2 protein chains.
Amino acid sequence: MDVVDSDIAQVLRHAGYRVTRPRMAILSVLQENREYLSPQEIHRRGRERYQGLGLVTVYRTLQILDGLGIARRVHTRDRCHSYALARGDRHYLVCRRCGQVLEFPCDGLVPLVESVRQETGYLIEGHLLEMTGLCSECQSQGGADR
Amino acid sequence: MDVVDSDIAQVLRHAGYRVTRPRMAILSVLQENREYLSPQEIHRRGRERYQGLGLVTVYRTLQILDGLGIARRVHTRDRCHSYALARGDRHYLVCRRCGQVLEFPCDGLVPLVESVRQETGYLIEGHLLEMTGLCSECQSQGGADR
DNA sequence: GTGCTTGCAAACCCTTTGCAGTGAA
DNA sequence: TTCACTGCAAAGGGTTTGCAAGCAC
């Protein structure tokens, strides 16, 4: 179990959850794939690490991980229920071809939030900024979307 | 049929689609509700305008409208398949209590897109910026989410 | 009149729930 | 040892598909 696994295991334990083989298998899949994956895909890959992994456990674990902010849902035009490991903040970049998910710091949004608040009167509690496109590798390769 | 209906009817016709009663009923629902609605909800409200409207037609029509950029999917934490009429650009504000969807101009994002492009090498093709919070009315009323 | 659209019913598939056995602490 | 967790099977619910009838053009 590598360093990051241990960190996440700590978070789970502190939140009162048990650290189990199925959960570690799912985390390991998310960690080794910097792309968004559907629950089915996570299940398939998770079985390569832990044969007995059930799809139901994947769903339940993803809910827990999402609740703890460890993983998060990625929304794309067609897929609304895929997940990727959260890597720090709430802004990400999705490659439409290979599915890689990259998070980026986003201080530039603060003044924008403020101006929207002033114009609309909304109390803004959260936001989702997702950019889609092609990562540099996929730009040079061409081909169809996932 | 009011002015905006006619405009949209034109767009449909130009794209090779027929302008039918079910489609107009669905459009009218979207136009009269500045909030995101699930296909089921659109179906229910659409029946008030056209009794015979079928749920399947709602799904098929929403796909067409989404494809033409007339309506668009609204992604929220729990609901990924709700729709609202597109009102000009790709940035919106969702009230978590009443479900109102407001679009806002967003020039402030241009420099941000550019800096992300430089840092990551991504070819950025599109983005989704969704802010959530409480509209001014709901701020003064309190109460539970939808 | 032609053939795109529609609504119904049924098929599909993803997600959740119930439950008894299992294993982390 | 305890009880949270798991996998299986089944239920549940939303979405899509097949097809004959209907309607826009």
Side-chain angles (χ1 to χ4, degrees), chain A residues 1 5-6 8-29 36-44 46-68 70-71 73-83, chain B residues 1 5-6 8-29 36-44 46-68 70-71 73-83:
Chain A
M1 211 179 268
D5 264 338
S6 305
I8 296 182
Q10 291 297 337
V11 175
L12 279 175
R13 250 187 289 267
H14 272 89
Y17 294 105
R18 290 187 181 169
V19 175
T20 65
R21 263 193 90 188
R23 287 175 181 170
M24 286 302 102
I26 292 165
L27 277 167
S28 135
V29 169
Y36 57 92
L37 300 170
S38 65
Q40 278 75 17
E41 189 62 24
I42 293 170
H43 180 227
R44 200 181 63 69
R47 288 207 162 185
E48 294 168 6
R49 290 158 172 84
Y50 171 52
Q51 265 297 329
L53 183 64
L55 180 58
V56 177
T57 301
V58 173
Y59 278 103
R60 289 193 272 227
T61 301
L62 288 174
Q63 273 180 359
I64 291 171
L65 296 179
D66 190 36
L68 293 176
I70 295 171
R73 249 181 173 162
V74 174
H75 299 251
T76 56
R77 192 175 186 76
D78 48 330
R79 305 183 168 207
C80 291
H81 297 267
S82 293
Y83 288 81
Chain B
M1 211 179 267
D5 264 337
S6 306
I8 295 182
Q10 292 296 338
V11 175
L12 279 175
R13 249 187 290 268
H14 273 87
Y17 293 105
R18 291 186 178 169
V19 174
T20 64
R21 263 193 90 188
R23 286 174 182 171
M24 286 301 104
I26 292 165
L27 277 167
S28 135
V29 169
Y36 58 92
L37 299 170
S38 66
Q40 277 73 16
E41 188 62 24
I42 293 170
H43 180 227
R44 201 181 63 69
R47 289 207 159 184
E48 294 168 6
R49 290 158 171 83
Y50 171 52
Q51 264 298 328
L53 183 65
L55 180 57
V56 178
T57 302
V58 173
Y59 279 103
R60 290 195 271 227
T61 301
L62 288 174
Q63 272 179 0
I64 292 171
L65 296 178
D66 190 35
L68 293 175
I70 295 171
R73 250 180 173 162
V74 174
H75 298 252
T76 54
R77 193 176 185 74
D78 49 332
R79 304 186 170 203
C80 290
H81 296 266
S82 293
Y83 288 82

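Chain naming here is simple, since letters A, B, ... match the order of the sequence lines and numbering starts at 1 in each. This one's a predicted model, so the numbers in the text were calculated from it and none came from an experiment. Values below: all heavy atoms of this structure, side chains included; hydrogens, waters and symmetry mates excluded.
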For A:L53 and D:dC8, give me the distance from atom CG to atom P, rounded to whole Å.
9 Å

Quick one: side-chain hydrogen bond (donor to acceptor under 3.5 Å, both in side chains) partners of A:R21, sequence neighbours excluded?
none

Could you tell me the separation between the CZ atom of B:R44 and the P atom of D:dG14, rounded to a whole number of Å?
14 Å

For residues 56-65 of chain A, pull every pair meeting salt bridge (charged side-chain N to carboxylate O under 4.0 Å, His left out), keeping only residues two or more places apart or in separate chains.
none

Whole angstrom value for the distance that separates C1' of D:dT17 from CG of B:L55:
14 Å

With sequence neighbours excluded, residues passing side-chain hydrogen bond (donor to acceptor under 3.5 Å, both in side chains) with A:R18
none

Whichever of A:Q40 and B:R47 has the more 5' nearest nucleotide on DNA chain C, that residue is B:R47

Rounded to whole Å, the CG-P distance (B:D66 to D:dT16) equals 12 Å

By side chain to side chain contact (heavy atoms under 4.5 Å, CB included), which residues pair with A:Q40, not counting sequence neighbours?
A:S38, A:L55, A:Y59

Tabulated below should be each protein N or O lying under 3.5 Å from an N or O of nucleotides 18-25 of chain D; please produce it.
unit_1, atom_1, unit_2, atom_2, d
D:dA24, O3', B:V19, O, 3.4
D:dA24, N3, B:R18, NH1, 3.2
D:dC25, OP1, B:R13, NH1, 3.1
D:dC25, OP1, B:V19, N, 3.2

Between CD of B:E41 and C1' of D:dG13 the distance, given in whole Å, is 16 Å

Return whichever of A:T61 or B:Q63 has its heavy-atom-nearest nucleotide of DNA chain D closer to the 5' end.
A:T61

In whole angstroms, how far is the C1' atom of C:dC14 from the CD1 atom of A:I42?
14 Å

C:dT22 P sits how many Å from A:R23 CZ, rounded?
18 Å

Check: A:H43 side chain, A:V58 main-chain N or O, donor-acceptor pair, under 3.5 Å:
no

Test salt bridge (Lys or Arg N to Asp or Glu O under 4.0 Å) applied to A:R49 - qualifying residues, sequence neighbours left out:
A:E32

